[in-house]
Every structure is written in C-alpha cells, then in structure tokens.
**Student:** 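Provided herewith is a single structure, encoded as structure tokens, for subsequent inquiry.
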Amino acid sequence: MQELILKKCSSCGALVKVINDCHCPCQIRCCDKEMITLKANSVDASMEKHVPTFAVVNNSLKVNVNHVMDEDHFIEWIMFVTEDKEETVYFKPGDIAEAIFPYKEGILYSYCNKHGLWSQEVYSKDE
Ligand SMILES: [Fe+2]
C-alpha cells in the first residue's frame, strides 16, 4: 500500500504531500525549519468526529466524517489511497464532509484544519 506522507510547516502552516521522502540530513524545510511529518490519529481530539467512516453501497464506498463544517473549523478534504491510485475530495465551510469512491482495499484519510490528519483502513471483500 502506498503510504501518504504529509509534511507541515509549524511556522506558516504550509502543507506538502511528499511522493518520495528526503532521507538526507537537510530534510524538507520551510521557513528555515524542518517540516513536521503528520501522523494520522495522533492529535488529542475526538476520534469519532474526525476518523472517516464508510458504508459499502453498490460496490462503492460512501464515506462520511461526522464533524462540524464551520468557517474556522472544518474538514478540508477526504482522500482515498489505494495500491495504485489516490483520490481527494475537497470541502469548504458549510459543505457536508462526504465522498464516494470505488470500493477496494485502501486507506481513507480526512484532514481537519484544527486537528490534523485522521485515517481509517478499508479491507477488501475477501478478508
Ligand atoms: Fe476538528
């Protein structure tokens, strides 16, 4: 499974998706500092309001994040990463944090503008 690597700048808040991570001593930097690698489900906040949940409907994943969608606190996107593909659905305040993807094995991610990265594994039908 392809791993999602996101790095965030602790100064300006820039968020970067990394395709091949840097393993040099220099690391990936922003604002003159090493960027922080985000770890899913590691922030001290309500799991049930951030972790994406899903239902399998007609061979599709119907994904939902049960989170407020206020101006200053909302789910920015939901991403589904599979063996060979990733898809992202973006949201703005007032939207409903829902997305539909083809059903296959993968990892669902959601990103809250205040509480960071959250994930949920999706297993194939055979497991
Ligand atoms: Fe949040």
Side-chain angles (χ1 to χ4, degrees):
M1 186 70 55
Q2 190 184 331
E3 189 189 353
L4 175 65
I5 304 168
L6 287 181
K7 299 211 180 224
K8 189 170 186 175
C9 174
S10 58
S11 294
C12 74
L15 189 62
V16 175
K17 179 182 175 296
V18 178
I19 294 174
N20 286 314
D21 204 358
C22 171
H23 299 289
C24 315
C26 60
Q27 292 298 316
I28 297 174
R29 305 178 73 80
C30 184
C31 297
D32 272 339
K33 283 191 279 193
E34 186 179 325
M35 295 187 86
I36 297 162
T37 302
L38 297 184
K39 205 167 175 300
N41 306 341
S42 66
V43 173
D44 186 17
S46 168
M47 293 280 285
E48 61 274 13
K49 289 183 181 161
H50 291 95
V51 171
T53 59
F54 64 91
V56 179
V57 181
N58 296 331
N59 223 27
S60 293
L61 285 180
K62 197 168 185 303
V63 183
N64 173 271
V65 182
N66 183 28
H67 190 279
V68 294
M69 294 296 280
D70 294 340
E71 262 327 296
D72 63 341
H73 186 197
F74 65 102
I75 297 299
E76 292 189 9
W77 45 260
I78 294 173
M79 182 186 290
F80 188 41
V81 178
T82 62
E83 189 66 43
D84 59 353
K85 195 176 183 181
E86 61 184 49
E87 282 186 73
T88 309
V89 177
Y90 295 92
F91 305 102
K92 51 189 185 313
D95 287 347
I96 296 170
E98 286 181 347
I100 294 176
F101 303 104
Y103 176 36
K104 51 162 71 173
E105 187 179 314
I107 303 176
L108 286 163
Y109 292 92
S110 60
Y111 187 79
C112 167
N113 69 328
K114 280 192 177 174
H115 300 113
L117 189 65
W118 301 81
S119 71
Q120 170 78 44
E121 286 190 44
V122 177
Y123 297 102
S124 73
K125 301 169 226 184
D126 311 325
E127 291 176 45

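Position 1 is the first residue of the sequence, and the numbers go up from there. Atoms within each ligand, like the ligands themselves, are counted from 1 in listed order.
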**Student:** Under 2.8 Å from the Fe ion (ligand 1), protein N/O/S atom count?
**Tutor:** 5
**Student:** Would you compute the distance between atom CG of L38 and atom CG of L15 and round it to the nearest 0.5 angstrom?
**Tutor:** 6.0 Å
**Student:** For the residue pair W77 and Y111, does the interplanar ring angle fall in the parallel (under 30°), tilted (30 to 60°) or perpendicular (over 60°) class?
**Tutor:** parallel
**Student:** May I ask you to say whether K104 pairs ionically with D84, meaning some side-chain N is under 4.0 Å from a carboxylate O?
**Tutor:** yes
**Student:** Taking C-beta and beyond as the side chain, do N20 and V18 meet within less than 4.5 Å on heavy atoms?
**Tutor:** no
**Student:** Looking at E71 and K92, is any side-chain nitrogen of the basic one under 4.0 Å from a carboxylate oxygen of the acidic one?
**Tutor:** no
**Student:** Please check if any side-chain donor atom of S11 sits under 3.5 Å from a side-chain acceptor atom of K33, or the reverse.
**Tutor:** yes
